[in-house]
Amino acid sequence: MVSGLLAVMLAARWLDRQSTSGITRIVVATTEISLGQRLTPEMIKLVDWPKDSLPPGSQADISKLEGRVLKSTLQRGEPVLDAKLAPLGTQGGLSAVIAEGKRAITVRVNDVIGVAGFALPGNYVDIIVATQREGDRAQSDQSISKIVLEKILVLAVAQEVSRDDTKPRVVNAVTLEVTPEEAEKIDLARSVGSLSLVLRNQVDPNATRTAGVTKADLLALKATAGGVPTQERPAGVKRRTPSPALAAAVPATKATMTNDETATVSTIKTSDCIGVINGLRSSQECY
């Protein structure tokens, strides 16, 4: 009996050593922690973790993490990794979230410009500016709308930076992550016209180059020699060469024709068509 009891104790000790040899301890979050927050001892703890599935960049010392700032959100029970930590010395807040070489700029929005509140932190947007085009002041159409920036990351809406909420929020300000050159473009764009945000697919990397849309493009107008836009000819109306009698009558508002009878012809020009009134009969010539 003594030998059997000793064997059981030795086997249990051997099994315990075998089970603990494949386990280590790493730091995980005890609660949900938002990006930009500083870590405190109450937010993290040490737990056992299998060595075979140890995530790269995991931490094993709580004292070294105190005061560090997160640059992405942590869920409860999620390991604290180097990739989720801002560099040493970083202060908490939105500045910890901004990528290296980037800047944060805020634009004023409303329920329409802000895509009905669907432009949330972590989403990407394009920026459209509606302004007046520089050029010949004699032209009556100077309005233009154009996409000036694409795939711009939304850092925050109002004072919220959490990226886990999918519920739309209508706010009056949106903060964007941009390069210094893009920041200059946005600052100029909002001083020369009105801005609109266009929500785009988060995984769509393709850029689209557009020439912009003018009022003439929107209303299907075309410019004439005098600089005054006219509407395009309706579908089905064919271009015709005016008759010699009609061509002679065009320069005058009223003209007299002599073909066995005298008729007064009035001409009314609308776009490329001329209305002809001959006595009680009327017709239209388009050329």
Side-chain angles (χ1 to χ4, degrees), residues 94 97-99 101-161 163 165-235 270-272:
L94 185 64
V97 184
I98 303 173
K102 296 294 187 71
R103 306 290 187 269
I105 187 171
T106 301
V107 296
R108 185 177 298 276
V109 297
N110 54 34
D111 57 338
V112 176
I113 297 174
V115 202
F118 284 99
L120 299 172
N123 294 150
Y124 288 91
V125 296
D126 295 342
I127 299 178
I128 296 179
V129 60
T131 183
Q132 297 293 316
R133 182 173 52 186
E134 297 292 336
D136 186 5
R137 296 299 181 183
Q139 295 184 5
S140 60
D141 176 24
Q142 293 292 326
S143 300
I144 186 171
S145 181
K146 190 180 187 307
I147 296 176
V148 292
L149 293 174
E150 293 188 80
K151 201 172 175 61
I152 302 300
L153 175 65
V154 178
L155 288 177
V157 292
Q159 284 76 43
E160 293 293 331
V161 297
R163 301 184 181 183
D165 191 8
T166 57
K167 183 179 180 180
R169 294 187 54 200
V170 177
V171 296
N172 57 6
V174 172
T175 302
L176 308 171
E177 184 184 72
V178 295
T179 63
E181 293 79 9
E182 291 171 339
E184 294 172 346
K185 290 183 179 180
I186 292 178
D187 188 61
L188 178 61
R190 64 185 177 186
S191 66
V192 300
S194 59
L195 299 181
S196 296
L197 304 183
V198 182
L199 190 63
R200 65 181 293 154
N201 192 315
Q202 294 185 4
V203 296
D204 180 12
N206 299 322
T208 303
R209 295 290 180 264
T210 63
V213 176
T214 64
K215 186 176 179 181
D217 299 328
L218 182 65
L219 302 179
L221 302 180
K222 65 177 183 178
T224 61
V228 179
T230 60
Q231 191 169 3
E232 293 283 359
R233 182 182 297 103
T270 59
S271 184
D272 293 331

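Worth saying up front: this structure is predicted, and the values here are computed from it rather than measured. For this chain, numbers begin at 1 and follow the sequence in order.
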Heavy-atom closest contact (K102 atom, I98 atom, distance):
O-CG2, 3.5 Å
Give me each pair satisfying salt bridge (charged side-chain N to carboxylate O under 4.0 Å, His left out) with a member in residues 112-125, each pair once, sequence neighbours excluded.
none
Closest heavy-atom contact between N123 and F118?
OD1-O, 3.1 Å
Pairwise side-chain contact, V154 with L120, heavy-atom cut-off 4.5 Å (strictly under)
no
Can you name the closest pair of heavy atoms from A116 and P168 and give their distance?
O-CB, 3.9 Å
Closest contact, heavy atoms only, T175 versus A104:
CG2-CB, 3.9 Å
Nearest 0.5 Å please: distance from the NZ atom of K185 over to the OG1 atom of T179.
8.0 Å
Knowing that exactly one of L155, L149, V125 qualifies, which makes a side chain to side chain contact (heavy atoms under 4.5 Å, CB included) with L176?
V125
Just verifying a value: how many Å separate I152 CD1 and I127 CD1, rounded to the nearest 0.5 Å?
5.5 Å
Taking every heavy atom of P180 against every heavy atom of G101, the minimum-distance pair comes out as CD-O, 3.6 Å
Which atom pairs, donor and acceptor, lie under 3.5 Å between side-chain atoms of residues 188-199 and protein residues at least two apart or in another chain?
{"unit_1": "R190", "atom_1": "NH1", "unit_2": "T106", "atom_2": "O", "d": "2.7"}
{"unit_1": "R190", "atom_1": "NH2", "unit_2": "D187", "atom_2": "OD1", "d": "3.4"}
{"unit_1": "S191", "atom_1": "OG", "unit_2": "L188", "atom_2": "O", "d": "2.7"}

Name all pairs fulfilling the side chain to side chain donor-acceptor pair (under 3.5 Å) condition that reach into residues 145-155, sequence neighbours left out, sorted by first residue then second.
E150-R209
Output the distance between atom CD1 (I144) and atom CG (L218), rounded to the nearest 0.5 Å.
12.0 Å
Shortest non-hydrogen contact between E177 and A99, atoms and distance
OE2-N, 2.9 Å
